[in-house]
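Here the structure comes first, spelled out in structure tokens, and everything after it is commentary.
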Amino acid sequence: MWEEPRVGRLAAWGNALLAGLVSPDDAAAGAVGEDAAHRVAGLPGESGQVGLTLAWGRLRALGAVGLRIALPAPGHPLGLSGPPEFNEAALDAGEAVLVSGAALGLVPEVVERGPEDDTWCEVLWRVSPVRPAPPADVPSLGEAERELAEVMRDATAALTALDVAGSGPVADASLAAYRARMERGRQLLAPGYPPRAVRVLELASRVGALVEIARGDEGGGAVSAGELARREALLRPVERAARRARVAAYNAYAEERERQRG
């Protein structure tokens with residue numbers, strides 16, 4: 001089921017800190033979430049690993065004015081700007097943060113520790129130079145919202161014809177768990193984000209959850225190899241639109257700062 005990406009938490013709470021809307025400790029707590037600890041390695045001017053609060057202070061001193069995210073997938077470098085070695089690391093991780101004003105990027109390395117029935121995650125953010133260029137394929141909030149509505153309308157009718165609408169007890173349980181999680185963590189974005197960004201992220205999250213349910217629904221009519229391929233072809237643009245919308249929502253703060261600076 002859909003989980004808030006670590007890069008989303010880091011960017012959202014880092015942006016709230018840069019805007020002066022939260023304290024460093026609150027920003028660090030929001031970014032870490034349920035993980036055990038986050039550290040940052042490779043910051044210019046720092047010889048070793050440092051904590052998030054020190055890292056944010058260093059990034060501000062280096063000129064950071066906003067944080068963007070990237071959610072790349074094979075064949076779709078969503079949110080990236082290069083160079084190739086950074087893009088490759090981001091693609092391997094499936095996510096990255098780009099620092100506006102400092103030409104730096106952060107890619108998370110996640111390590112699970114503890115026994116099998118009681119594990120926790122520690123995250124190391126590795127910093128690398130990035131190109132100060134427009135990120136790839138990132139829509140505006142308005143474009144992302146319209147695209148989600150269009151692809152969902154087109155895909156729903158076709159998926160219904162395939163008898164794969166995300167119904168049944170497994171799908172119902174998945175949706176119930178998703179709704180419960182959304183209610184527990186209602187504030188998906190940190191202070192300072194416009195209401196439209198929150199709305200777009202919530203819509204993208206629901207769409208992403210439904211894509212996962214449809215992909216896991218093996219009890220419907222799509223049982224042949226050809227029908228399964230058809231279902232995947234229908235879901236692929238929906239999933240892509242949901243990822244683009246997530247990036248647009250998390251990047252809304254940095255985009256607004258860019259507009260204000262001219």
- Val130 and Val65: same hydrophobic cluster, using ILVMFWY side-chain contacts below 4.5 Å? no

- State the CD-CZ distance between Glu143 and Arg146, to the nearest 0.5 angstrom. 6.0 Å

- Taking every non-hydrogen atom, the tightest pair across Leu98 and Ser81: CD2-OG, 3.4 Å

- Which heavy atom in Trp13 sits nearest to a heavy atom in Ala27, and how many Å separate them? CB-O, 3.5 Å

- Kindly say whether Ser205 contributes a backbone atom to a donor-acceptor pair with the side chain of Arg246 at under 3.5 angstrom? no

- Item | Expected output: side-chain Arg257 to main-chain Gly66 donor-acceptor under 3.5 Å | no

- Kindly compute the distance separating CD (Glu122) from NE2 (His38), expressed to the nearest 0.5 Å. 9.5 Å

- Message: So, taking the atom named CG in Asp92 and the one named CG in Asn87, what distance separates them when rounded to the nearest 0.5 Å?
- Response: 11.0 Å

- Message: Tell me whether Glu95 is salt-bridged to Arg6, with the criterion being a basic N under 4.0 Å from an acidic carboxylate O.
- Response: no

- Item | hydrophobic_cluster_shared for Trp125 and Val110, side chain cutoff 4.5 Å | yes

- Could you tell me whether Arg199 and Glu145 make a salt bridge, using a distance below 4.0 angstrom between a side-chain N and a carboxylate O? yes

- Task: Could you go through the side chain to side chain contact (heavy atoms under 4.5 Å, CB included) check for Val207 and Val238 one step at a time?
- Result: CA-CA 8 Å; Val207 171; Val238 180; 3.4 Å; yes

- Query: Under a 4.5 Å cut-off applied to non-hydrogen side-chain atoms, are Asp35 and Arg9 in contact?
  - Reply: yes

- Are any non-hydrogen side-chain atoms of Leu10 and Leu52 less than 4.5 angstrom apart? yes

- Query: Is Leu124 reachable from Leu54 through a run of hydrophobic residues whose side-chain heavy atoms are each under 4.5 Å from the next?
  - Reply: no

- Query: How many angstroms lie between CD in Glu256 and CG in Leu141, if you round to the nearest 0.5 Å?
  - Reply: 10.0 Å

- Considering all heavy atoms, the nearest Ala11-Ile69 contact: CB-CG2, 3.5 Å

- Item | Whether Tyr193 side chain and Tyr253 backbone form a donor-acceptor pair below 3.5 Å | no

- Message: Measuring only between side-chain heavy atoms, which start at C-beta, is Leu43 closer than 4.5 Å to Leu59?
- Response: yes

- Item | Non-hydrogen side-chain atoms of Pro191 and Val22 separated by less than 4.5 Å | yes

- Item | Heavy-atom closest contact (Ala90 atom, Ala96 atom, distance) | CB-CB, 3.7 Å

- Any chance you could measure Glu88, atom CD, to Leu80, atom CG, to the nearest 0.5 Å? 11.5 Å

- Query: Mind checking whether Thr53 and Asp25 have side chains closer than 4.5 Å, heavy atoms only?
  - Reply: yes

- Query: So with a 6.0 Å cut-off around CD of Glu85, is the heavy-atom count from everything else above 12?
  - Reply: yes

- Query: Applying the side chain to side chain contact (heavy atoms under 4.5 Å, CB included) test to Val127, which of Val99, Val97, Leu104 qualifies?
  - Reply: Leu104

- Message: Assigning hydrophobic clusters by single linkage (Ile, Leu, Val, Met, Phe, Trp, Tyr; side-chain heavy-atom cutoff under 4.5 Å), is Leu62 placed with Phe86?
- Response: no

- Identify whether the distance between the nearest side-chain nitrogen and carboxylate oxygen of Glu109 and Arg126 falls below 4.0 Å. yes

- Task: Working to the nearest 0.5 Å, report the span between OG of Ser23 and CG of Leu17.
- Result: 8.0 Å

- Message: Are Val138 and Val107 connected into the same hydrophobic cluster when the rule is that any two of I, L, V, M, F, W, Y join if their side-chain heavy atoms are below 4.5 Å apart?
- Response: no

- Query: Is there a side-chain contact between Leu106 and Val40, using heavy atoms and a 4.5 Å cut-off?
  - Reply: yes

- Message: Quick test of your reading: applying side chain to side chain donor-acceptor pair (under 3.5 Å), list the pairs with at least one residue in residues 55-71, sequence neighbours left out, ordered by first then second residue.
- Response: Glu46-Arg58, Arg68-Ser100, Arg68-Glu255

- Task: Over all heavy atoms of both residues, which pair between Leu91 and Pro74 is shortest? Give the atoms and the distance, please.
- Result: CD1-N, 3.6 Å

- Check Thr119 against Gly114 and note the closest heavy-atom contact, atom names and distance. CG2-O, 3.9 Å

